[in-house]
Engineer: 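One structure coming up, written as C-alpha cells, with questions to follow.
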Amino acid sequence: MKLFTAETEVKTQKKVVLDDMILTKDLPTCAGSKMLDGYMSLFDAQVVTKLSEAQIGICGKANVGEFAIDLLGETSYYGACTNDGKLVSASAEIVKTGKADAAIVLDVNGAPRRAAAQSDLVYIKPTYGTVSRYGTIPAACSGETVGVISTTANQCKEILGIIAGHDDKDGTSHADTVCQKIKTSSEKITKIALISAFNVDSDTAAKIDNFKTVIEKSGVSCHTVEGEKLLCARVAWNILMSAELCNNVSRYDGIKYGHRASEYTTIGELYTNSRTEAFGDLLKTAILYGSDTLSTENYMKVYDKALRIRRVVAEYFDELFKEYDAVLLPGCSKSFYTEKDIETNKYISFEENACTAPASITGLPAVVAGGVQIVGKAFSDAGLLDLAEIYEKGGK
Amino acid sequence: MKYETVIGLEVHIELATESKIFCSCSAKFGGEQNDHVCPACCGMPGMLPVVNKHVVDLGMAAGMMLNCHINRTTTFDKKSYYYPDLPCSYQTTQWFSPICVNGTLQIETSKGKKDIRIKQIHMEEDAGKLVHDDWTNTSLVDFNRTSVPLIEIVSQPDLSSAEEVVAYLERLRSLLRFAKVSECRMEQGSMRCDVNLSIRPEGSDKLGVRTEMKNMNSISAITRAIEYEVSRHIDALENGTEELVQETRRWDDIKGKSFAMRNKETAGDYRYFPDPNVMPIVIDDEWFDSVKNALPEFPEIKKAKYIELGLSEYDAGMLSESISLCECFEAAYEVCKSAKEVANWLISDCMNIVNKKQWTVDMLNLDGKSLGMLISLVMEGKVGRTNGKKILEAMFDDSSINPGEYAEQNGFIVSNDTSLIESVIKEVMAQDEKSVTDYKNGKEKALMALFGKCMRQLKGNCDPQLLQKLLIDCINKA
C-alpha cells in the first residue's frame, strides 16, 4: 500500500481516501463497528494493490456506518459526521473539501449515492463484477460494489480505469475483456427514461428538472415513464441484504479476532455477550430480520420471493433498455437529513434506499451527477460518465 | 413379533486433492496445528471463495462410479450454525442443486446381491477441530482441516443389517479408492459415517422412529453400534423401556452404548441459501467426458480380464484390489507380455519392498513400463533374478531408473562367455576338491555347493542352465 504523506507528496500525484470497508494491511479497518475496532487485516484489498501500482497515494480511511448499511454513516461506532447540522458521509466530505482527489467506497446500501447526490459530487457504482471485491468487508455480497466518488466525471473515469479488471481471487469477477468494456464508451446516450414513481422533496425535484434541462441542450431526449415496478426493488433488496448480512457477520463470534466479552461462562454466552456488546441497533435489527427470512418457515415465503423480485426488476430494466439508453432516478429522495430524522425513524435507511435499491439489486452501473442518478445497461459505465461530463459542461 | 431394520447412511469422504476447496492451502492430513491456514480458511473478512476445479472433477468421478446422474449445473449454498471450529459460522455446501443424484451401489452379502440406491452426492467443506486442554481448562481451535474438500454420499434407507452396512462401506471404499477420489481412511477421518436407523414390524411399509448416530469412524464400531441400537429400539417397542424419539445419538464404543446428545447441540435451523460469491458451476461435455474417460474399469472387470490372461483367481483378486497395482500391472504387461511373471514380481517382490517400507499399496510409485523392461531382461536371461531384485529395489528409490542402463552400469549383465565361465569353474574346483570328489561319488548335493560358489564368483551374471551344463562337463572331464 502506498501511503500518502507529506514526504511522499509529489505535485502530480493523486491521492484517494478509502472508506472503512476496504481492507488495508497498514491501517486498521473497522467497518464502523465496535466488533472490528482496531482490526488489522493481513492483506490489502485488490483495489488498494491496483491503486498503489498506479502510484496513487492513500491518504487515509474514512468513517462508515456499521457495515455500510445505513443512511450516511450515522450508525458508526465512532459517531456520525455532520456539517452544519446535516448528516454527511465522511468520504464525500473529504473529497468535497479537497483533502483527497477521490474516495473509494463500498456501495452496500446506496450511502455513497445519497452522499454524492446531496453534496453535488460525481459518483460511479460500476457494473457488478468489474471491480474486484477481494479485500472488502463482506456485507451484502450479491449486490455490493466498489465505487468511486470524485469531483468530476473525468476523475471518476480515471480512477475507475485503474481499479477495474478481472481478479482471480474474486469468483464473481468477469473475464478481463468484459471488465475492460466499462472503460470505453461504445454508444452515446441519447434517449433517457425519467422515472416518476419516486416521491421526492422539492429540492430534489428541482435538481432533476435542472439536469434534464441541461442535458436536453446537448440533444439528449428525456421521456417520463412511471416505472412503478422499480419501487418493489426496495423491499426485495432489504430482504436479500439483511439475509446476506446476517450470514456474513456471523463470523464475528468473539473467537478468532474482534471484540470478545469479558464476562461469560459458556460458549453460548461468549457469543451472545460479545455480539450484544459490539453490534449496534440497526445491524442487530438487520441480523434478526435476515435470520428470520432464511428460516425454514420463511425461506420460500420471503427470501425466495425476494430473489424472484430481483428477476422482475432486472427484466423491467431490460424492457426499458429496449427503448431507452439509460434510466434517470433520484439519487436520494431528500436533499439532506438531520440527526433528528434518524431519532424519529431508526429504520430510515431501509426506507430511504428506495432510489438506490434498483441498481443495487440488479448490479447495473449507476452514476450520480447533478444530484440525480442515471442507471445504464450493464457495462455502459463509460457512457454514463460521458453523460455526467456533458452535464458538467452545461450541456455542451 | 419379528422386526426389520431400516438403515440409511450418510458417508463423508475427504477428497484426495492437493489444496483446499476454496483456497490454495494444503489439504494434506497432519502437519503442525494451524500450519495449513490462510485468511480465507480462518474466516477473516475480505477473502472470497474460488472453487478448486479438482474438487468438482472428483465429485463427478464419485458420481460416475456410483451410476449417478450428474447435474450439469451445480451450485453452492451456505449453511449457518455457530461452533468455534467453523470460522465463518457457515459451511459452504450444496443444498439446492447437488452435483450428483439418483445412483446405485451393488453390494454382496451372505444373502446375495442387492442394489442400494444413492439419493445424492454433494460437495462441501470440512470444519476445523477443537482440542480440549483439561490441564488449563481451555479449548483450542485447529483450522488445518477447515475447508478441506468433502463429498457427502447419502443413501436411501435401503440397508437392513449391519452386514449390509459393512458390505456397502467396503464396496464404496474400494470404488472410490479405485477412482482415486479419496484414500478413504477411516482411522484418519477421511471416511466418516452417520447411521440413520429405525425398526418396524416385518412387512410393514411405515417407517418407525429414526435415530441418527454421527461420525462413526471404524467399521467394527459401526457394527456394534447398529446391533446395540436395534436391540434398544426393539426393547423400547416390546417392553416399553423408553419412548423412542427422533434424535441424534453419540456412540460410545468403550461403554458399548449410545447416548442422546443434548438437544442444544443438534437443534437449530441451518438457514440455507445460495452462496452469492460462488457462480453456478456449468459442466460442459468436454469437461464431463474428460472425467468420464479418465475413470478406471470396475475392480471385478479388471479381475476377470486378468484371469483371462492366465492369472490365478487369487493373483487376479490381489492385483485388482488396488488401482496402483492394476496400473503397474497393465503397463508392465504391455512391455513384457507375460502376465504370470508380472503378477509374481508385483505380488511377491514389490509387495515385500512396500511392506518393508511400511507403505500402503496405494503408495506404490513404481513405473509399470520400467518394471516390464526389468522383467523382460530377466526373462530373456540378460539379468539374473537375484540381480533383478536389486535393480527393483533401486527403482523404488529412484523412479527415473532405466533397468537396462542400470544393469549395465552396475555390472548386472549376464555373460555367456563360456571360456570365462569355464575358467571360474576350474578355479572353484581347484579350491574345493572335496566337493568334486563327493559329487563323483554320487553326492548330488555337492554339485549345488560348487554351483553356488561359481555363481557368487560370477556375481550372478550367468545363465544358471548354462553354468550347470558347463560345470557338469568340467567335472566329468576332470
Side-chain angles (χ1 to χ4, degrees), chain A residues 21-23 29 31 36 39 41-46 67 129 132-144 167-173 240 243-244 246-258 266-268 270-272 290-299 303-304 307, chain B residues 21-24 34 37-53 75-92 95-96 128 130 132 137-141 143 146 262 264-265 267-281:
Chain A
M21 294 293 278
I22 295 169
L23 291 159
T29 310
L36 286 176
Y39 178 77
S41 171
L42 293 175
F43 58 98
D44 277 335
Q46 179 70 4
F67 291 95
S132 172
R133 285 183 295 115
Y134 173 83
T136 59
I137 291 188
C141 299
S142 74
E144 69 200 13
D167 182 9
D168 283 337
K169 300 186 287 303
D170 177 355
T172 62
S173 166
L240 299 180
E244 290 177 35
C246 159
N247 174 268
N248 273 323
V249 300
S250 62
R251 74 188 72 207
Y252 311 116
D253 55 6
I255 302 284
K256 308 160 290 273
Y257 50 78
T266 62
I267 183 77
L270 190 161
Y271 290 149
T272 313
S291 185
D292 192 46
T293 63
L294 288 177
S295 67
T296 312
E297 199 194 334
N298 286 332
Y299 183 88
Y303 187 83
D304 191 69
L307 288 178
Chain B
I21 183 166
F22 296 124
C23 61
S24 53
N34 293 313
V37 297
C38 72
C41 51
C42 282
M44 291 179 178
M47 297 294 283
L48 294 164
V50 179
V51 181
N52 179 347
K53 186 172 172 284
T75 52
F76 279 95
D77 308 296
K78 293 184 176 190
K79 172 185 181 178
S80 297
Y81 65 93
Y82 285 91
Y83 204 66
D85 68 2
L86 191 67
C88 282
S89 303
Y90 59 78
Q91 179 195 28
T92 307
W95 178 253
F96 295 106
L130 286 187
H132 302 284
N137 195 25
T138 49
S139 296
L140 303 163
V141 204
F143 288 135
T146 308
R262 282 177 299 134
K264 256 189 178 170
E265 291 174 42
D269 188 328
Y270 289 131
R271 290 165 291 150
Y272 290 98
F273 77 105
D275 187 343
N277 284 324
V278 186
M279 294 283 104
I281 295 164

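Every chain is numbered from 1, with letters handed out A, B, ... down the list of sequences.
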Engineer: Which bit of A:D170 is near chain B, if near means a heavy-atom gap under 4.5 Å: side chain, backbone, both or neither?
Structural biologist: both

Engineer: Any idea which of A:L23, A:L36, A:N247 has the most non-hydrogen atom pairs under 4.5 angstrom with chain B?
Structural biologist: A:N247

Engineer: Would you please name every residue forming a side chain to side chain contact (heavy atoms under 4.5 Å, CB included) with A:K169, sequence neighbours left out?
Structural biologist: A:Q46, A:Y134, A:D167

Engineer: If we ignore angles and hydrogens, is there a donor and acceptor under 3.5 Å between the side chains of A:S291 and B:R271?
Structural biologist: yes

Engineer: Are B:F76 and B:F22 near enough that their ring centres are under 6.0 Å apart?
Structural biologist: yes

Engineer: If you count heavy-atom pairs within less than 4.5 Å of chain A, which of B:C38, B:P49, B:C23, B:P84 leads?
Structural biologist: B:P84

Engineer: Against chain A, label B:Y81 side chain, backbone, both or neither, depending on which of its atoms sit under 4.5 Å from a heavy atom there.
Structural biologist: neither

Engineer: Below 30° counts as parallel, above 60° as perpendicular, anything between as tilted: where do the rings of A:Y303 and B:F273 land?
Structural biologist: perpendicular

Engineer: A:D304 versus chain B, heavy atoms under 4.5 Å apart: side chain, backbone, both or neither?
Structural biologist: neither

Engineer: Of the backbone (N, CA, C, O) and the side chain (C-beta and beyond), which part of B:C42 lies under 4.5 Å from a heavy atom of chain A, both, or neither?
Structural biologist: backbone

Engineer: Against chain B, work out which of A:T296, A:I137, A:L307 has the most heavy-atom pairs shorter than 4.5 Å and name it.
Structural biologist: A:T296

Engineer: How would you list, by chain and number, every residue that makes a side chain to side chain contact (heavy atoms under 4.5 Å, CB included) with B:C88, sequence neighbours excluded?
Structural biologist: A:R251, B:Y90

Engineer: With side chain to side chain donor-acceptor pair (under 3.5 Å) as the criterion, how do A:E244 and A:S142 come out once you've worked through the C-alpha distance, each side chain's angles and the decisive distance to 0.1 Å?
Structural biologist: CA-CA 8 Å; A:E244 290 177 35; A:S142 74; 2.6 Å; yes

